[in-house]
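The sequence lines fix the lettering, A, B, ..., with proteins before strands; numbering per chain opens at 1.
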Protein chains: 4
Amino acid sequence: MIVVMQNGASERDIDYIVRRARSLGLSSHVSEQQGQILVGLSGDMRGIEPAALRGLPGVEQVKAMSHPYRLASREFRTERTEIPVRELRIGGDDLVLMGGPCSVESKDQILECAHMVKDAGGQVLRGGAFKPRSSPYSFQGLAEDGLKYLAAAREETGLAIITEVMAIEQVEMVCEYTDILQIGTRNMHNFNLLHAVGRTRTPVMLKRGMMSTLKELLLSAEYILSQGNPYVMLCERGIRTFETYTRNTLDINAVPSLRELTHLPVIVDPSHATGKASLVRSASRAAVAAGCDGLIIEMHPDPSAAWSDGAQSLAPEEFRRTFAESRAVSEALKPLTAAGG
Amino acid sequence: MIVVMQNGASERDIDYIVRRARSLGLSSHVSEQQGQILVGLSGDMRGIEPAALRGLPGVEQVKAMSHPYRLASREFRTERTEIPVRELRIGGDDLVLMGGPCSVESKDQILECAHMVKDAGGQVLRGGAFKPRSSPYSFQGLAEDGLKYLAAAREETGLAIITEVMAIEQVEMVCEYTDILQIGTRNMHNFNLLHAVGRTRTPVMLKRGMMSTLKELLLSAEYILSQGNPYVMLCERGIRTFETYTRNTLDINAVPSLRELTHLPVIVDPSHATGKASLVRSASRAAVAAGCDGLIIEMHPDPSAAWSDGAQSLAPEEFRRTFAESRAVSEALKPLTAAGG
Amino acid sequence: MIVVMQNGASERDIDYIVRRARSLGLSSHVSEQQGQILVGLSGDMRGIEPAALRGLPGVEQVKAMSHPYRLASREFRTERTEIPVRELRIGGDDLVLMGGPCSVESKDQILECAHMVKDAGGQVLRGGAFKPRSSPYSFQGLAEDGLKYLAAAREETGLAIITEVMAIEQVEMVCEYTDILQIGTRNMHNFNLLHAVGRTRTPVMLKRGMMSTLKELLLSAEYILSQGNPYVMLCERGIRTFETYTRNTLDINAVPSLRELTHLPVIVDPSHATGKASLVRSASRAAVAAGCDGLIIEMHPDPSAAWSDGAQSLAPEEFRRTFAESRAVSEALKPLTAAGG
Amino acid sequence: MIVVMQNGASERDIDYIVRRARSLGLSSHVSEQQGQILVGLSGDMRGIEPAALRGLPGVEQVKAMSHPYRLASREFRTERTEIPVRELRIGGDDLVLMGGPCSVESKDQILECAHMVKDAGGQVLRGGAFKPRSSPYSFQGLAEDGLKYLAAAREETGLAIITEVMAIEQVEMVCEYTDILQIGTRNMHNFNLLHAVGRTRTPVMLKRGMMSTLKELLLSAEYILSQGNPYVMLCERGIRTFETYTRNTLDINAVPSLRELTHLPVIVDPSHATGKASLVRSASRAAVAAGCDGLIIEMHPDPSAAWSDGAQSLAPEEFRRTFAESRAVSEALKPLTAAGG
């Protein structure tokens, strides 16, 4: 159950709800979403009368919740969330295109990539400075140097930047440089890290765990939202199945499913979701046709020389074509799906 | 290894290859594809010189095969297969739209559906007369009566028809009525049935097993092709994964993957691949954007009254809109992907 | 709902139930289990009073069913089914050990195997005469010759035999030779074949589909039981997951789960469930410790020369040791689990 | 490639190897395992002569590595690792039994549990003080108070204790109280946390990610080992599959597979691997029969009142019986598998 407080509700009003909840054996959780105070109540709700809460001072509304995720649900918020990132609105009318290399390898490399992304019509530059690698013996990223090179590339091109944060102690530093924080697939259940990025106001792109259900993804988003950061976008990046021809299986159903379940923007990463450069263009078009709000795609000036993920990185010409075809699908569908779809 | 015979090769030439193979400890397999005789050789190929075979009378070409499926592979045939079905060419330039109810329930019902499919711009009417049901206590189909009603609907609307065949002893009867035979997901590994439909010349739509790899799908197609029926189209209908929000997971990667691996047309069934009517429209657009040759979609004049699969059947208005948006995506992409995509 | 008829119920009593059901809009299904006539009713049960049926002539009992499988459920039958096979009782107190080669390759080979199985303490000889192979170019079995060699091996050793039947038209012939019919994993959903073996009275071992839930396995068993053949044993043979180190994942939870859900005996096939000879012995011990009624294990006098499944076939010494350790676990647990477990 | 240094090797000898590697374009990684210095070399090994390295001062041995995990592999260390925990040797001849509640709920509760574990013949008490919960609104654990109660229970019963650590900043505190650190399934890929526990010398139980392959599990173990902590035990706790009757699928094949691949001890958690109390006893027996070194089982004085995981927690009598039967299987197999199994 969520108690939505009026705009003018006082601290005392909120406190009263919290104490009342405790006396009923419930735990409570105060959060703020876009300026409004919410008190979430958990526990055994049988015998609690919403009407009794509705009459308390400062209370605007009392909502029953049918999902364990609350702030992320469409029940809680019906209009779609738009996330402001520099001059962009992620989740708005226009498709957002993000691209760049798996890892920041050098200043020259990231600048070269940034210009390619810009020329291909992209708005956001991706690049990893901290790399979560399965093997402790693999390249682990350039750390703060990588962040500086990204910032330099933003300076030069005007692109926004997105980069991964892997640990709580990196959050502050990464926030100084980046426009969007990425939580990687292996950290979707790293609840302390989710809490830490939830305490910032930097937009977060939360990648789905490679074997996580949509419900679990929404619960992880809830960890961030419940700390007060309303700027969460979700990223489908392929799930693990029995099929071995592709590295992962792009769960394209996730796109319309998430649009049913949540008001948060949905991004698709066709690079990890296929693991093969030859499939990325088709998968990108499909993701846009399914209704996603943006794409994030790995590219490299010379994929065969990439330090990581070379097999799935697009060469410049294929990358340009992928962005162009994706935008064409988006434009073709705008008049048709305007009525909701 | 495949020995491709010249057009004028004699029985004796073929026999000679077969005997020669046997003397080398190999098994051989003679088939015909679009008028050309092929002799497939299996066994321990070390020490076999393709050059020695190439010099034999009647031999046009000797191809090494890197895949266990041969006739289905792009190595074997580089140009894409187009399947003639009445006036249609499945696998050609135009998207093919198939629709209809899960089960044929009555003559009136199938006629009503046929008109809706026609009006929505479809070319093929689907409907099950034999139903493979998990429970022996569920409705099992109208059998030959169902086939007759389908034929009557074709008569009245000019639509081609597709219907499932579940057992060898049904093949002859179903072929008398239908334009396309459907092999269902639960029969993808029913090798005797595959052989039986391979001995006909009726086009076959082979549905992927719900937990079968693409390689296994191609091997099942090979069973049909190896009996001489070249008209096989493959159908992605969703795979089984851990995700429970949807009935299956549409493996959208399968579309471009199959286009890399095989010359056979690829159809997508977004109804089974999602299991939810609310997701079918988005999934259909995605499948077309990914490059499929056709869609097969379940609809019903009144889904809530359907005898089977009501939850995933589209109501008339949503069905019309799905076909319209799918065709719009197809048309928007034609100029862009003409160069191969 | 299942109406259990009295032993002396007349045809007319049964007919009356069937007509009564029809008048209520229900479909009915008459079957016989161990001499007792059952009438299963399906359809919309709201508004049907069990009491009203209970009073009809010839009716012994009326049971509500909470599962879609009925005859297979513990609700329907609480005591465990024992299946008589020659002098054996599968599902009784003693562990049943089955072994033999994947394929019958020659008379000598199967005789040699039979003696090894006998010497290792086994009671049933397995061997495939009809082989379902993913590729049409692989060895497909010796057919009736294979069955004759199996019968000869039974003659010589006294072992019972089990062999796979792949198609309806083989059922009669295979029944002439074998003691137990095997339905392979790829045919678990071949409903016509299930019906055909259900019309015999030969015991059937039904292998779980590699992609099938336990509920689906029980529904497939129901297809057989509903035709009157009460002698069905279920076989866990590994499921398909993301793990690639093993060929399949042995779902050991399936053993106690099936014992909760059904009265039918449970066999485990650790050869296919691991796909690696080095893991079979451990997996066999585990299956017995989990409470299965029997094991079926692939062996070969010389695994490296086997025509199929060599990688998972045990060499003679390892095979003997596997049976010995499995029996030791079984004996150690007998006093402990006698009270149910 | 791993360069194993002699016991008397100097810093200068090690430095020389590192610089030599760099000049060959390789990266190097110095670690210590049980008193011996190892230098791991990564990169393009073609053209590197092991013989040339073997001749350098201070070098004892140069090993080629066929797996990306090195220190964890049987190639690197053939004898099995035994981990000393108070008077126990985990990975030695005797089965180790761990049990306790999911969460520490109060001092009384954990003391009551500890006595039950002790009485049932267990050696280690489990209990969560920090709880990783999918929902931010669920109970998150008693934190340091929970650790104090665990230590009090150890004081009173002599049991060793194991508890989960979820974040780097908790490591120091948790190490002050616990005998074994648990890394939970959701943190298997939290590489910074793995590094942090690798820098301690407290034994670690690393749980397999519910979506992780065995190879990935071993790579995560490698993160810990590579920091110098040699005391890592692996825990199979069920993987996520399509089956929904059980919460997870116990991958019993993992037990003998890991014994082939690594020298580290293997523990099984049948509580999470089944998710149902009624299946835990059978699964425990199976795990022991498959060859695991220990079990970790959830119990509760009153499962219906547990704050978390009640459905899979054993009541006292069933818990006692589970430990007794598991030990009986272990004892029955000792004489049989002594020769390696």
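- Residue contact with chain B, scored on non-hydrogen atoms closer than 4.5 Å, is absent for Glu331(A).
- Residues passing the side chain to side chain donor-acceptor pair (under 3.5 Å) test with Asp269(A) are Lys207(A), His272(A), sequence neighbours excluded.
- In terms of the salt bridge (Lys or Arg N to Asp or Glu O under 4.0 Å) criterion, Arg74(B) has no residue partners (sequence neighbours excluded).
- Note on ring orientation: taking the six-membered ring where Trp is involved, the planes of Phe319(A) and Phe323(A) are tilted (angle from 30° to 60°).
- Interface residue Ala273(B): only backbone heavy atoms are found under 4.5 Å from chain A.
- With Ile252(A) as the fixed residue, the side-chain contact (heavy atoms from CB on, under 4.5 Å) test singles out one of Asn253(B), Leu250(B), Thr274(B), Thr249(B): Leu250(B).
- Screening Arg80(A), Arg89(A), Glu82(A) for a side-chain contact (heavy atoms from CB on, under 4.5 Å) involving Asp293(A) leaves a single residue, Arg80(A).
- Chain A is approached within less than 4.5 Å, heavy atom to heavy atom, by Ile239(B), Arg240(B), Thr241(B), Phe242(B), Glu243(B), Tyr245(B), Thr246(B) from residues 238-246 of chain B, ordered by number.
- Among pairs with a residue in residues 274-294 of chain A, none fulfils ring pair (Phe, Tyr, Trp, His ring centres under 6.0 Å), at least two apart in sequence or across chains.
- Contacts between Ser278(A) and chain B at a heavy-atom distance below 4.5 Å involve backbone atoms as well as side-chain atoms.
- Chain B forms more heavy-atom pairs under 4.5 Å with one residue of Ala254(A), Ala332(A), Ala289(A) than with any other, namely Ala289(A).
- Ile90(B) contributes atom CD1, which lies 9.0 Å from atom CE of Met205(B) (distance to the nearest 0.5 angstrom).
- Between Arg237(B) and Asp251(B), none of the side-chain N atoms (NZ, or NE/NH1/NH2) sits under 4.0 Å from a carboxylate O, so this pair counts as no salt bridge.
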